[in-house]
> 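Structure provided below as structure tokens; questions to follow.
So that the names make sense, note that chain A is the first sequence line, chain B the second, and so on, each numbered from 1.
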Number of protein chains: 2
Amino acid sequence: MATARTTAAERRRQILDAAVRVFARQGFHTCRVSDIADEAGVAYGLLYHYFRSKDEVLDTLFLERWDVMVELIEQVDARTELTAREKLAAITSFIIDSYRHDPDLMKVVIVEVTRAANTFGRTHLDAINRAYGSIAKIIEKGMASGELRDTITPQFAAMTFYGAIEQALTGWIFDMLPTGDESFEQIKGFVVDTICGGLDARPAPDPPAGV
Amino acid sequence: MATARTTAAERRRQILDAAVRVFARQGFHTCRVSDIADEAGVAYGLLYHYFRSKDEVLDTLFLERWDVMVELIEQVDARTELTAREKLAAITSFIIDSYRHDPDLMKVVIVEVTRAANTFGRTHLDAINRAYGSIAKIIEKGMASGELRDTITPQFAAMTFYGAIEQALTGWIFDMLPTGDESFEQIKGFVVDTICGGLDARPAPDPPAGV
DNA sequence: CCAGCGATTGACTCGTCAGTCAATCACGTC
DNA sequence: GACGTGATTGACTGACGAGTCAATCGCTGG
């Protein structure tokens, strides 16, 4: 019987949601635990009833989101009817839509964990690398089928691809890129076009020199 | 007359160099000012004789290095005999060599400032954007001359290009990429090849559909 | 109506550091 | 060889914030 007004799960969620807003607004290191409690409208101590530490709150938020992303990547990879380029487009679209849908959460994931691998991400390097690995697999298959060039390693290609997306998100987070639905869609196209098509104008078939 | 053993400038340098090592090893937020003083072999208080705060030490390190980089980019751009691709290759080479030459310093610049734009970089967003702007100008000229495709904005192309380099540095910093001279040279090639040439195998001239 | 138990509260403890400052040192100068 | 100035020292202060805990609340089942 759901304990009256709010269940334990709901309360926990309420704290997590408040934490997202606070982390996004003030940054993880800068905010106090009391800020999160205030934002959630609960007492300071209650936070420690649901989480072992301030760190655990961030960990939870990150993993919740990141796991969804990794799973999405793997699902996309499984759709054998898609070309590598289409798979990359689907992933790009998903991540950018994630940002569009909940910018605060993505900001926390990117700024406080992914891009802060020193402090925090070190703990999550494995999770981060799993994502790279899955993307690399997609690219590897694309190379095997002849769709993609195999002059670079799939590993590096995956890093560059993900880097381009992260760079775009960072651009929005720090107001270096215009926001708005058109911008989101435009950038989706840019990411795939840049990574797959490259900057060079057409004529320039093979790498420099040769035997 | 150089005050005996060490001049003021030398002492200052000594502290900055120690700070680089400490920041690289422990991270800016995690280390104590006393760690820097110890590493430099000077008393705690002396640090405040040369710098107003712990932050100012990091600011100084970042700006010292970043300014050199921005200037390099502008110098490269001025060499009109180079193609856009060659300019991008020169910039890539310079940044990667900077890392090879002083990994600790580049680690601090990237991890503690550039990629931590929330905490710190916010102060330095202007400096960071200046670099993007200079790269964008190179790309813009390349587009104007017909060397590069102009289906994406120079601004976005610059972000992706710089993002690819940063991603590579991050890969080395967190041991996701093998170190060693060959790796450095190989990645230089990868960056330019990926960004300019794209992942697609040749035949695929124009964007999808069309009028 | 009461006992029991998890949820909830927030004042308090306890460490940790950034930054200060008065004292001391080591030159160069006259 | 005394004086003054800037370099150097490190003990100390003050603020701050994570995590604790004993007390209270409000169900629920008997």
> I need a per-nucleotide contact map over nucleotides 9-21 of chain C, read 5' to 3'. Cutoff is protein heavy atoms under 4.0 Å; write B for the base, S for backbone only, - otherwise.
BBB-----SBBB-
> Evaluate whether atom CD of B:Glu71 has more than 12 neighbouring non-hydrogen atoms of other residues, nucleotides or ligands under 6.0 angstrom away.
no
> Could you check whether atom CD of A:Glu185 has more than 12 heavy atoms from other residues, nucleotides or ligands sitting under 6.0 Å from it?
yes
> Name the nucleic acid region contacted by A:Phe51, choosing base, sugar-phosphate or nothing; use a 4.0 angstrom heavy-atom cut-off, strictly under.
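If one applies the 4.0 Å heavy-atom cut-off, A:Phe51 turns out to touch nothing in the nucleic acid.
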> Does A:Glu64 use its side chain to pair, donor to acceptor, with the backbone of A:Leu61 at less than 3.5 Å?
no
> Just say parallel, tilted or perpendicular for the rings of B:Tyr162 and B:Tyr132, cut-offs at 30° and 60°.
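Because their plane-to-plane angle is over 60°, the rings of B:Tyr162 and B:Tyr132 count as perpendicular.
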> What integer distance in Å separates A:Tyr50:OH from D:dA18:P?
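Spelled out: OH on A:Tyr50 to P on D:dA18 is 20 Å.
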> Applying side-chain contact (heavy atoms from CB on, under 4.5 Å) between B:Lys87 and each of B:Val76, B:Thr80, B:Ile135, B:Thr92, report the one that passes.
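When side-chain contact (heavy atoms from CB on, under 4.5 Å) is applied between B:Lys87 and each of B:Val76, B:Thr80, B:Ile135, B:Thr92, only B:Val76 qualifies.
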> Round to the nearest Å and state the distance from B:Glu10 atom CD to D:dT8 atom P.
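That distance rounds to 11 Å.
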